[in-house]
Amino acid sequence: MLMYLSQIPVSAIFLYSIAAAAVLIYLPFLVVVYARVIVGYDLSAPRAMFDKLPPYAQRATWAHQNSFEAFMLFAAAALTAYVTGVNSPIAVGAALAFVLARLLYSIFYILNKPILRSTMFGVGSFGITTLFVLSMLKVTQGY
C-alpha cells in the first residue's frame, strides 16, 4: 500500500482524499436507512421518524451530520494545500489520517464509544490543522 501511495503525486492524494471524505459523509446514513426500513419509513414525515429510531440509528444520524461539518473544513484545507503546492510526506499523512479518522469516527459514534470517537475527532482536526499550517508555511516561507 505504501509503495502504491509513493507513486501517486501528492496533489492527486489531496483530491482523492477529498473524494473519499465526501463518500464517508454518507456511510453513517446507510445505517439510518437500515433503521428506517426496520421501523417503517414514513414518507409524509421522514424527519419526525428520528424519535422512533433506535439509539444506534440516532447516533448514526449525528455522525452523518457531523461528517458534513468536518468535510467542509477538510475540503478547504486539502484544496488550500493543493493550490499552494504543498508537497510533503507530512501533508500526505495528514490527509490520509483525516480520511481514516473520519471512517473510525463514524464507526465509534454508531457503536457508542465516546472516548474513541472523540480521539478520532481530534486526529481528524489535527490533520486539517496540519494541512492549513503547511499551506501557510508554503506561501510565506517557500516550505
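What you see is a predicted model; the values in this text were computed from it and never measured.
- Checked by atom type and distance alone, the side chain of His64 pairs as donor or acceptor with a backbone atom of Ile25 at under 3.5 Å.
- Each of Val123 and Phe126 belongs to its own hydrophobic cluster when Ile, Leu, Val, Met, Phe, Trp and Tyr are linked at side-chain heavy-atom distances under 4.5 angstrom.
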Inset, instruction - Would you check, one step at a time, whether the test side chain to side chain contact (heavy atoms under 4.5 Å, CB included) holds for Leu24 with Leu27? - result: CA-CA 5 Å; Leu24 288 176; Leu27 284 182; 3.3 Å; yes
Legend entry - Full working for ring pair (Phe, Tyr, Trp, His ring centres under 6.0 Å) between Phe68 and Tyr26: CA-CA 9 Å; Phe68 280 110; Tyr26 292 96; 5.8 Å; yes
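- A cation-pi arrangement, defined by a distance under 6.0 Å to the six-membered ring centre and an angle within 45 degrees of its axis, is absent between Arg59 and Tyr56.
- When the options Val32, Val33, Ile38 are evaluated for a side chain to side chain contact (heavy atoms under 4.5 Å, CB included) with Arg36, the one that passes is Val32.
- For CZ of Phe108, the number of neighbouring non-hydrogen atoms (other residues, nucleotides, ligands) closer than 6.0 Å is greater than 12.
- Inter-residue side-chain proximity for Ser125 and Leu73 is flagged as unmet; no heavy-atom pair is nearer than 4.5 Å.
- Counting heavy atoms of neighbouring residues, nucleotides and ligands inside a 6.0 Å radius, atom CZ of Phe132 exceeds 12 of them.
- Annotation for Thr84 and Lys138: closest pair O-CG, 3.2 Å, computed over non-hydrogen atoms.
- At a cut-off of 3.5 Å, with distance as the only test, no side-chain donor of Arg117 or Asn66 sits close to an acceptor on the other residue.
- Linking ILVMFWY residues whenever their side-chain heavy atoms come closer than 4.5 Å, directly or via other members, places Leu15 and Val10 in the same cluster.
- Hydrophobic cluster membership differs between Leu100 and Ile110, with clusters built from Ile, Leu, Val, Met, Phe, Trp and Tyr side chains linked at under 4.5 angstrom.
- Taking hydrophobic clusters as Ile, Leu, Val, Met, Phe, Trp and Tyr residues chained together by side-chain heavy-atom distances below 4.5 Å, Met49 does not share a cluster with Tyr34.
- Between Ala22 and Phe71, the shortest heavy-atom contact is N-CE1, 3.6 Å.
- Aromatic pair Phe121/Tyr109: ring centres not closer than 6.0 Å.
- Note on Leu53 and Val31: separate hydrophobic clusters, where clusters join Ile, Leu, Val, Met, Phe, Trp and Tyr whose side-chain heavy atoms are under 4.5 Å apart, directly or indirectly.
- With rounding to the nearest 0.5 Å, the separation of CD1 in Ile107 from CG in Leu116 is 11.0 Å.
- The backbone N or O of Phe14 sits less than 3.5 Å from a side-chain atom of Ser17, completing a donor-acceptor pair.
- One finds the CG atom of Leu137 at 10.0 Å from the CD1 atom of Ile90 (value rounded to the nearest 0.5 Å).
- Of all heavy-atom pairs between Val86 and Ala91, the closest is CG1-CB, 3.5 Å.
- Note: Phe74 CZ to Leu131 CG = 6.0 Å, rounded to the nearest 0.5 Å.
- Between Pro28 and Ser106 the shortest heavy-atom distance is CG-OG, 3.3 Å.
- Interatomic distance, Met120 CE to Phe98 CZ, rounded to the nearest 0.5 Å: 12.5 Å.
- Other residues, nucleotides and ligands place more than 12 heavy atoms under 6.0 Å from the CZ atom of Phe50.
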Legend entry - Trace of the side chain to side chain contact (heavy atoms under 4.5 Å, CB included) decision for Leu134 with Ser88: CA-CA 9 Å; Leu134 291 173; Ser88 76; 3.9 Å; yes
